[in-house]
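Handing you this structure, nothing more for now.
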Amino acid sequence: MLRVRFAPSPTGYLHIGSARTFIFNWLYARHNGGTVILRIDDTDVERNSQQSLDSIFEGLKWLDLGWDEFYRQSDRLDLHRQLTQVIFDKGLAYRDFTPAQADIEDKPRDAATWLYNPGAREMSQEESDRRAAAGEPFVIRFRVPRETAEDVRFNDAVYGPQSKSTADIEDFALLRSNGVPTYHMASCADDADIRISHIIRGQDHLTNTFKHVLIFRALGVEPPQFAHLPLLIAPDGSKLSKRKHGPVVSVTTYRDAGFLAHAFVNFVCLLGWSPKNDRDRMSRQELVDAFGFEGVNRANATINFSDADPFDPKAVWLNAETIRGMAIPDLCREVLPFAERAFGAAPADKMLRVTPLIQERIKLLGDVATVADFFFVRELAPYDVAELIPQKGDLAMARRALESAQRILAGAEFTHDGLDAALRAGAQELKVKAGQMFQPIRVAVCGRKNAPPLFETLETLGRETCLERIAKAIEMLEKQ
RNA sequence: GGCGCUAUCGUCUAACGGUUAGGACGGAGCCCUCUCAAGGCUUAAAUACGGGUUCGAUUCCCGUUAGCGCUACCA
């Protein structure tokens with residue numbers, strides 16, 4: 001029975017690294033027919049926030065992968081306390097009455113005493129019980145075996161055999177003085193109780209795992225299989241943080257910019273994992289089928305972003321590629337909200353006609369705002385009259401082209417083929433190249449030089465709008 | 001400081017100890033073309049450094065360097 005869990009703590013938004021951890025957990029479970037568990041690790045009462053919790057759910061919901069079971073650690077305090085007590089009762093943990101040290105800088109790091117607070121570990125049971133009964137605050141610390149400096153071992157599915165001497169593991173806290181178990185304790189207690197079979201998490205927990213192995217052993221349960229993932233880091237080599245790198249590390253930023261959820265998932269999977277056969281664009285099912293720990297890399301992966309390009313170019317490419325591969329109605333449904341946001345209103349039927357024209361011209365759904373504006377706005381944004389002048393042409397040519405277009409469009413059959421034939425004939429008549437004829441029309445109608453192919457554009461815009469805009473352009477030329 | 005982990009093109013990565021070190025993104029160039037895209041073709045670009053082991057190291061071992069992580073009553 002394979003069971004994995006994703007255990008975010010609600011102390012920040014869902015960032016791209018956490019999202020990847022979730023995705024890898026999900027893929028591993030789906031690949032092996034296992035169960036995905038979402039557990040909110042909210043034992044740090046001081047730092048938890050509802051806002052953060054909302055952000056995590058929002059991000060996960062967008063990913064649209066789902067999960068099978070849900071737990072919240074704060075609902076399970078009793079279990080954590082109970083299991084802490086079990087360890088304490090076995091004599092594998094002890095009370096430490098030393099007050100919390102806010103300034104960790106003062107802690108002597110070179111001395112051998114960093115492993116535990118002198119006096120606490122050796123305190124007699126009687127004194128310990130007496131002081132606790134007297135109401136003196138204490139933390140419970142794990143009594144890491146010292147007499148025999150044994151090696152704690154586990155075999156990581158990604159990093160291979162790991163070992164660390166107990167001489168290098170400090171007496172870590174299990175229970176805070178406020179009675180709330182620490183992350184290490186609560187996490188292991190839950191993993192044991194919920195019967196997690198595989199712990200897949202960031203490599204930042206690799207060295208913590210030795211402590212966890214110790215806890216599982218003290219609890220008398222077999223530790224799960226561990227699989228640590230290389231970290232995602234910023235281009236400057238530091239770990240991703242909102243403070244330092246801004247909103248680009250948050251999953252919702254990708255959503256709001258117009259990434260398709262699957263393209264995002266696809267991109268993130270390629271960070272620190274490889275299907276090993278040169279594939280990059282993969283469907284969800286292909287990812288599930290291909291995923292395994294063998295393909296997980298051990299070196300940290302850099303997400304390539306900058307102030308100028310807030311998103312990794314490969315993520316953008318993958319998104320564009322995904323957009324191009326979509327059926328028009330599906331894509332239309334996805335862009336519609338972005339168009340509505342940009343233009344105030346975007347009739348669905350019109351969007352459906354515009355969608356094929358922008359499909360291979362947008363990389364992010366949000367690009368609809370700059371690529372398709374002229375389809376939706378009534379008044380074109382002001383543009384430079386000089387734009388109307390075709391290559392190797394002059395003002396007079398622009399004017400002739402537009403006046404000719406005016407006549408042609410008034411009578412032509414308003415379809416791609418009809419416009420194609422009529423406009424090309426018009427160009428011949430004026431003895432100009434097709435491009436010289438089309439360019440002024442395009443600018444008059446779109447307000448800029450770069451736009452989708454002309455005939456489809458005209459057709460979609462409709463005769464009335466086209467003539468209106470061309471008339472306006474001629475007017476502008478006359479004023480020159 | 002201690003302990004742990006890591007090191008292939010700018011980035012993501014591939015390569016049973018034997019390859020002209022492969023692919024992708026991005027860059028450059030060409031083609032196609034009514035503009036922009038898209039597409040096609042071409043091209044530049046990497047095994048951190050030093051020692052071993054071996055007939056032969058990107059690959060195995062050691063060291064150096066660099067980066068990251070842990071070293072909290074954070075997770």
Side-chain angles (χ1 to χ4, degrees), chain A residues 7-12 41-44 46-47 96 98-102 104 107-112 114-115 137-141 156 159 162-165 167-170 172-178 180-184 186-187 201-211 228 230-231 233 235 237-239 267 270-281 295 297-305 309 312-318 320 324 358-363 371 390-391 420 423-424 427 433-439 441-443 446 448-455:
Chain A
S9 65
T11 54
D41 279 9
D42 55 353
T43 60
D44 189 356
E46 312 276 305
R47 298 180 195 208
D96 182 352
T98 315
Q101 293 187 302
I104 55 166
K107 211 170 174 184
R109 313 205 137 230
D110 40 0
W114 72 274
L115 291 167
F138 60 85
V139 292
I140 289 184
R141 290 185 182 282
D156 191 89
Y159 287 89
Q162 303 291 314
S163 81
K164 185 170 184 168
S165 169
D168 294 318
I169 303 172
E170 75 281 9
F172 53 95
L174 299 179
L175 189 77
R176 300 181 178 93
S177 56
N178 64 4
V180 180
T182 61
Y183 158 74
H184 299 300
S187 176
R201 64 195 352 173
Q203 193 239 46
D204 47 343
H205 283 297
L206 191 63
T207 39
N208 284 332
T209 305
F210 297 105
K211 296 171 191 170
H228 287 88
L231 265 21
I233 56 177
S238 68
K239 74 176 190 181
F267 167 67
L270 266 12
L271 259 20
W273 173 77
S274 163
K276 292 190 187 283
N277 52 7
D278 290 344
R279 280 190 296 172
D280 40 34
R281 259 202 72 184
N297 197 209
R298 281 177 287 273
N300 292 166
T302 306
I303 299 184
N304 206 3
F305 61 82
D309 290 296
D312 191 307
K314 186 133 184 188
V316 174
W317 172 79
L318 231 18
R324 280 174 226 131
I358 63 170
Q359 181 168 35
E360 48 189 41
R361 267 164 270 268
I362 58 173
K363 295 176 190 298
V371 170
Q391 279 284 308
D420 189 334
L423 257 11
R424 278 185 201 280
K433 289 186 172 175
Q436 292 175 313
M437 174 84 180
F438 299 164
Q439 191 67 1
I441 305 175
R442 185 189 337 276
V443 173
C446 302
R448 80 174 85 95
K449 283 180 174 172
N450 300 339
L454 190 60
F455 314 129

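Residue numbers begin at 1 in each chain, while the letters A, B, ... track the order of the sequences.
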### Query
Which whole number of Å gives the distance between the C1' atom of B:rG50 and that of B:rG4?
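My reading of the C1' atoms in B:rG50 and B:rG4 gives 24 Å.
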#### Entry: For B:rG1, the Watson-Crick or wobble counterpart (both distances under 3.5 Å)
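Paired with B:rG1, as far as the under-3.5 Å criterion goes, is B:rU71.
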### Query
Has the side chain of A:Arg298 got a donor or acceptor that lies under 3.5 Å from a partner of the other kind on the base of B:rC5?
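A donor-acceptor contact between them is absent.
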### Query
Hey, does A:Thr98 reach any base, or is it just sugar-phosphate, or nothing, if we go heavy atoms under 4.0 Å?
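Base: the residue A:Thr98, judged by heavy atoms under 4.0 Å, touches a nucleobase.
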### Query
So, is A:Lys211 near the phosphate of B:rC70, with a side-chain N or O under 4.0 Å from OP1 or OP2?
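No, A:Lys211 has no side-chain N/O under 4.0 Å of OP1/OP2 on B:rC70.
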### Message
Using atom C1' in both nucleotides, what's the gap between B:rG40 and B:rU54 to the nearest angstrom?
### Response
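Each nucleotide's C1' atom is 46 Å from the other's.
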### Query
Expressed in angstrom and rounded to an integer, what is the separation of A:His205 atom NE2 from B:rC5 atom C1'?
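Those two atoms, NE2 and C1', are 15 Å apart.
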### Sugar-phosphate, base or nothing in reach of A:Asn208, heavy atoms under 4.0 Å
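A:Asn208: base contact, heavy atoms under 4.0 Å.
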### Message
When the C1' atoms of B:rA15 and B:rU47 are compared, how many Å lie between them, rounded to an integer?
### Response
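About 11 Å, rounded to a whole number of Å.
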### For atom CD of A:Gln439 and atom P of B:rC34, their distance in whole Å
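It is 12 Å, rounded to the nearest whole Å.
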### Query
Reckon A:Ala451 touches a base, only the sugar-phosphate, or nothing at all at heavy-atom distances under 4.0 Å?
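The answer is base, as A:Ala451 lies within the cut-off (heavy atoms under 4.0 Å) of a base atom.
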### Query
Quick one: is B:rA75 close enough that its OP1 or OP2 comes under 4.0 Å of any side-chain N or O from A:Ser187?
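No, because none of the side-chain N or O atoms of A:Ser187 sits under 4.0 Å from OP1 or OP2 of B:rA75.
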### Task
Indicate yes or no: at least one non-hydrogen side-chain atom of A:Lys239 is less than 4.5 angstrom from one of A:Leu231.
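Of all side-chain heavy-atom pairs linking A:Leu231 with A:Lys239, none is under 4.5 Å.
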### Query
Do the side chains of A:Asp309 and A:Val316 get nearer than 4.5 Å, heavy atoms only?
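Counting from C-beta outward, A:Val316 and A:Asp309 never come under 4.5 Å.
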### Query
About how many Å separate NE2 of A:His228 and CG of A:Asn208, when rounded to the nearest 0.5 Å?
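Atom-to-atom, A:Asn208:CG and A:His228:NE2 are 8.0 Å apart.
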#### Entry: Donor-acceptor pair (no angle test) under 3.5 Å: A:Asp278 side chain, B:rG22 base
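When only heavy-atom distances are counted, A:Asp278 does reach the base of B:rG22 through a donor-acceptor pair under 3.5 Å.
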### Assigned partner base of B:rA28, Watson-Crick or wobble definition, under 3.5 Å
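In the structure as shown, B:rA28 has B:rU42 as its Watson-Crick or wobble partner.
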### Query
Between atom CG in A:Leu454 and atom P in B:rC34, what is the gap in whole Å?
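Those two atoms, CG and P, are 12 Å apart.
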### Query
Nearest-Å distance, CD (A:Glu170) to C1' (B:rC73)?
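For the pair A:Glu170 CD and B:rC73 C1', the rounded distance is 13 Å.
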### Query
Is B:rC55 paired to anything, Watson-Crick or G-U wobble with both distances less than 3.5 Å, and if yes, which nucleotide?
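Pairing partner: B:rG18.
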### Query
Per the atom types in the model, does the base of B:rA14 pair as donor or acceptor with the side chain of A:Asn277 at under 3.5 Å?
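Checked by distance alone, the answer is no.
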### Task
Please measure how far the P atom in B:rG69 lies from the corresponding atom in B:rC31, and state the result in whole Å.
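After rounding to an integer number of Å, I get 49 Å for this pair.
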### Query
Does A:Thr209 reach the side chain of A:Arg201, with side-chain heavy atoms less than 4.5 Å apart?
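Touching, per the 4.5 Å side-chain cut-off.
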### Task
Using a heavy-atom cut-off of under 4.0 Å over every strand shown, decide if A:Pro8 touches base, sugar-phosphate, or nothing.
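No contact.
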### Query
Checking all strands, does A:Pro452 fall into the base, sugar-phosphate, or nothing category for heavy-atom contacts under 4.0 angstrom?
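Base contact.
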### Message
Given B:rC25, B:rG2, B:rU11, identify the nucleotide with an atom nearest to the side chain of A:Asp168.
### Response
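Nearest listed nucleotide: B:rG2.
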### Message
Once you apply a heavy-atom cut-off of 4.0 Å, does A:His228 come out as touching a base, just sugar-phosphate, or nothing?
### Response
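Since no nucleic acid heavy atom lies under 4.0 Å of A:His228, the category is nothing.
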#### Entry: Any A:Thr207 side-chain nitrogen or oxygen under 4.0 Å from OP1 or OP2 of B:rC5
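A:Thr207 to B:rC5 OP1/OP2: no side-chain N or O under 4.0 Å.
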### Task
Could you pick out which residue, A:Ile303 or A:Lys363, lies toward the 5' side of RNA chain B when each is mapped onto its nearest nucleotide?
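It is A:Ile303, whose closest nucleotide lies nearer the 5' terminus.
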### Query
For A:Arg279 and B:rU13, is the shortest distance between a side-chain N/O and OP1 or OP2 below 4.0 Å?
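Answer no for this pair, as no side-chain N or O of A:Arg279 is under 4.0 Å from OP1 or OP2.
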### Inter-nucleotide P distance (B:rG10, B:rA46), Å rounded
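Each nucleotide's P atom is 7 Å from the other's.
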### Task
Using the closest heavy atom to pick a nucleotide of RNA chain B for each, name whichever of A:Glu360 or A:Gly272 lands nearer the 5' end.
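Between the two, 5'-proximity favours A:Gly272.
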### Task
Using a 4.0 Å heavy-atom cut-off across all strands, classify A:Phe138 as base, sugar-phosphate, or nothing.
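Nothing, no nucleic acid heavy atom in range.
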### Message
Contact between A:Thr182 and A:Phe172 at the side-chain level, heavy atoms closer than 4.5 Å - yes or no?
### Response
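No; the side chains remain at least 4.5 Å from each other.
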#### Entry: G-U wobble or Watson-Crick pairing nucleotide for B:rC9 (cut-off 3.5 Å, both distances)
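Pair assignment: B:rC9 / none.
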### Message
To the nearest 0.5 Å, what is the distance between CZ on A:Arg324 and CD on A:Glu360?
### Response
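With rounding to 0.5 Å, CZ (A:Arg324) is 7.5 Å from CD (A:Glu360).
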### Message
How many whole angstroms separate atom CG of A:Asn300 from atom C1' of B:rU8?
### Response
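Distance, rounded to whole Å: 16 Å.
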### Query
When you measure from the side chain of A:Thr182, which nucleotide among B:rC73, B:rU35, B:rA38 comes out closest?
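Of all the options, the side chain of A:Thr182 is nearest to B:rC73.
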### Query
If we take the P atom in both B:rA21 and B:rC5, what is their distance in whole Å?
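Roughly 32 Å separates the two P atoms.
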### Query
Do side-chain atoms of A:Asp312 reach the backbone of A:Asn304 as a donor and acceptor pair under 3.5 angstrom?
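Side chain of A:Asp312 to backbone of A:Asn304, a donor-acceptor pair under 3.5 Å: yes, one is there.
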### Message
Between the base of B:rC73 and the side chain of A:Ser177, is one N or O donor paired with an acceptor at under 3.5 angstrom?
### Response
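Result: at least one qualifying N/O pair found.
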### Query
Using purine N1 to pyrimidine N3 plus N6-O4 or O6-N4 for Watson-Crick, or N1-O2 and O6-N3 for G-U wobble, each under 3.5 Å, what pairs with B:rA48?
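Here B:rA48 is engaged in a pair, and the nucleotide opposite it is B:rU64.
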### Query
For the pair made of CZ in A:Phe172 and P in B:rA75, what is the distance, rounded to whole Å?
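My rounded result for the distance is 13 Å.
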### B:rA24 phosphate, OP1 or OP2, under 4.0 Å from A:Arg281 side-chain N/O
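Indeed not, no polar side-chain atom of A:Arg281 lies that close.
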### Query
Base, sugar-phosphate alone, or nothing: which one does A:Gln162 contact when heavy atoms must sit under 4.0 Å apart?
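Sugar-phosphate only.
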### Message
Once you apply a heavy-atom cut-off of 4.0 Å, does A:Pro137 come out as touching a base, just sugar-phosphate, or nothing?
### Response
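Contact class for A:Pro137: none.
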### Message
Using side-chain heavy atoms (C-beta onward) and a distance below 4.5 Å, is A:Lys211 in contact with A:Glu170?
### Response
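Touching, per the 4.5 Å side-chain cut-off.
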### Query
Which nucleotide in the set B:rA7, B:rG69, B:rC25 lies at the smallest distance from any side-chain heavy atom of A:Trp317?
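Closest nucleotide among those given: B:rC25.
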### Integer angstrom distance from the P of B:rA14 to that of B:rG22
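Comparing P positions in B:rA14 and B:rG22 gives a spacing of 15 Å.
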### Task
Compare all side-chain heavy atoms of A:Tyr159 with those of A:Pro230 and state whether any distance is below 4.5 angstrom.
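SC-SC contact between A:Tyr159 and A:Pro230 confirmed.
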### Query
When you check the phosphate oxygens OP1 and OP2 of B:rC34, does a side-chain N or O of A:Arg424 lie under 4.0 Å from one of them?
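For B:rC34, OP1/OP2 do have a side-chain N/O of A:Arg424 under 4.0 Å.
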### Task
Give the rounded distance in Å between these two atoms: CG of A:Asp204 and P of B:rU6.
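These atoms are roughly 15 Å apart.
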### Message
What's the gap between B:rU11 and B:rG67 when it is taken at their P atoms, as a whole Å value?
### Response
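The answer is 15 Å between these two P atoms.
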### Query
For the base of B:rA14, is there a side-chain donor-acceptor partner from A:Lys276 under 3.5 Å away?
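When only heavy-atom distances are counted, A:Lys276 does not reach the base of B:rA14 through any donor-acceptor pair under 3.5 Å.
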### Task
In whole angstrom, give the distance that lies between atom CG of A:Asp96 and atom C1' of B:rA72.
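Spelled out: CG on A:Asp96 to C1' on B:rA72 is 13 Å.
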